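Only one structure is covered here, and it is reproduced in the block below.
In this text the structure is predicted, and so the values were computed from the model without any measurement. Lettering follows sequence order; numbering is per chain, from 1.
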2 protein chains.
Amino acid sequence: MNSKQEFIEKLRNSSLRPTKQRINICEVLFNRDKTFHFTINDLFNLIKDKTGEKVSLATVYNTVHAFHKKGYLKEIPINSNQTYFDTNVTDHHHFFDVKEEKLIDLKNEDVGPIEIQKSIPGKKIKSVEVLVKLED
Amino acid sequence: MNSKQEFIEKLRNSSLRPTKQRINICEVLFNRDKTFHFTINDLFNLIKDKTGEKVSLATVYNTVHAFHKKGYLKEIPINSNQTYFDTNVTDHHHFFDVKEEKLIDLKNEDVGPIEIQKSIPGKKIKSVEVLVKLED
DNA sequence: AATCTTCTTTAGAATAATTATAAACAACGA
DNA sequence: TCGTTGTTTATAATTATTCTAAAGAAGATT
Ligand SMILES: [Mn+2]
Ligand SMILES: [Mn+2]
Ligand SMILES: [Zn+2]
Ligand SMILES: [Zn+2]
């Protein structure tokens, strides 16, 4: 487990001070095999569970938004009372299991290229995201 | 303007009593040339402006959800603090102008068919929606 | 190492969208 | 008209998120 040093550097390179709290959040978010989807509350609980240390809710919000701004996290647009984030910041699409309130990644090849045949003067495309809602 | 009778029937057919408030909301939502996108607060203000009568915010919420449940309105998934609704309940996609916080319809032919090449056991696809975010 | 500056964390308050409550009211059917 | 049931409304409650300001920690300067 040598990730701690990497996270410290990553934070420094982002002009974010490597605090104990931020390093713990990095461990929970980025020290894992697969990317994952979470809400602030999910993360808040995971930190306690996985690191044994409590980080205040305000800090979780602050840090998630800092990481989001730096491009280390992505926000997923779905209708939910809570905001969903994704550690997979590449362009990709999602299933959303409405009943379980769970996001599942779709690879780009599972969807195929999407060509938008319309443009709005003065505006350019920032992202194209497909959301596939699932029911039983 | 003979729409009022139609709305009364529409409401009766949906086992919703045709109250003054609901008819006013129907006029604002459905008595127009083009479909449109709105938030609850947009609608609340439009009702006052267009009908001259005030409907309580609680009733606006109640009615929008009743219409949504009946399939007369669609919820658009975007990351916003407010929920966006659409009077266009057909399958279609959207631009979202992030700066202006405005939705713009995309015709299906502007996007092309989307074939999802992955399936989740026990689940079926309920909807496939594309959201194209726009920036300046 | 001591000091200074700047950034960060935190508890708690504030905000804002939405939902719940329950009493007054209106629509409907008998 | 009367009784029943559904609806509206003001207001309170809830909940996610943001704000505030004081205490603490990190980094730079001596
Ligand atoms: Mn994802
Ligand atoms: Mn639309
Ligand atoms: Zn953010
Ligand atoms: Zn609804």
request  = Report, as a single string ordered 5' to 3', how protein heavy atoms within less than 4.0 Å touch nucleotides 12-30 of chain C: B base, S sugar-phosphate only, - not at all.
outcome  = -----SBB-------BS--
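For the pair B/K69 NZ and D/dT7 P, the computed distance is 12 Å after rounding to whole Å. Put simply, CZ on A/F44 is 14 Å from P on C/dT9, counting in whole angstrom units. Look at CD on A/Q21: it is 13 Å from P on D/dG24, rounded to the nearest Å. Rounded to whole Å, the distance from CG on B/N24 to C1' on D/dT7 is 15 Å. As rounded to whole Å, 13 Å separates atom C1' of D/dG6 from atom NZ of B/K70. Going from atom NZ of A/K48 over to atom C1' of C/dT10 covers 15 Å, rounded to whole Å. As rounded to whole Å, 10 Å separates atom C1' of D/dT7 from atom CG of B/L16. Across the protein-nucleic acid pair, A/R22 atom CZ and D/dG27 atom P stand 11 Å apart, rounded to whole Å.
Using a 30° and 60° split on the angle between ring planes, B/F30 and B/F7 fall in the tilted class, from 30° to 60°. Using cut-offs of 30° and 60° on the angle between ring planes, the pair A/F67 and A/Y72 is perpendicular.
Smallest separation of non-hydrogen atoms from A/V130 and A/H93: N-ND1, 3.0 Å.
Here B/E109 pairs with B/K107 under the side chain to side chain contact (heavy atoms under 4.5 Å, CB included) rule; sequence neighbours left out.
Looking at B/D136 and A/K124, no side-chain N of the basic residue comes within less than 4.0 Å of a carboxylate O on the acidic one, giving no salt bridge.
Contact of the A/L103 side chain with the A/F36 side chain is not registered, since no non-hydrogen atoms from C-beta on lie closer than 4.5 Å.
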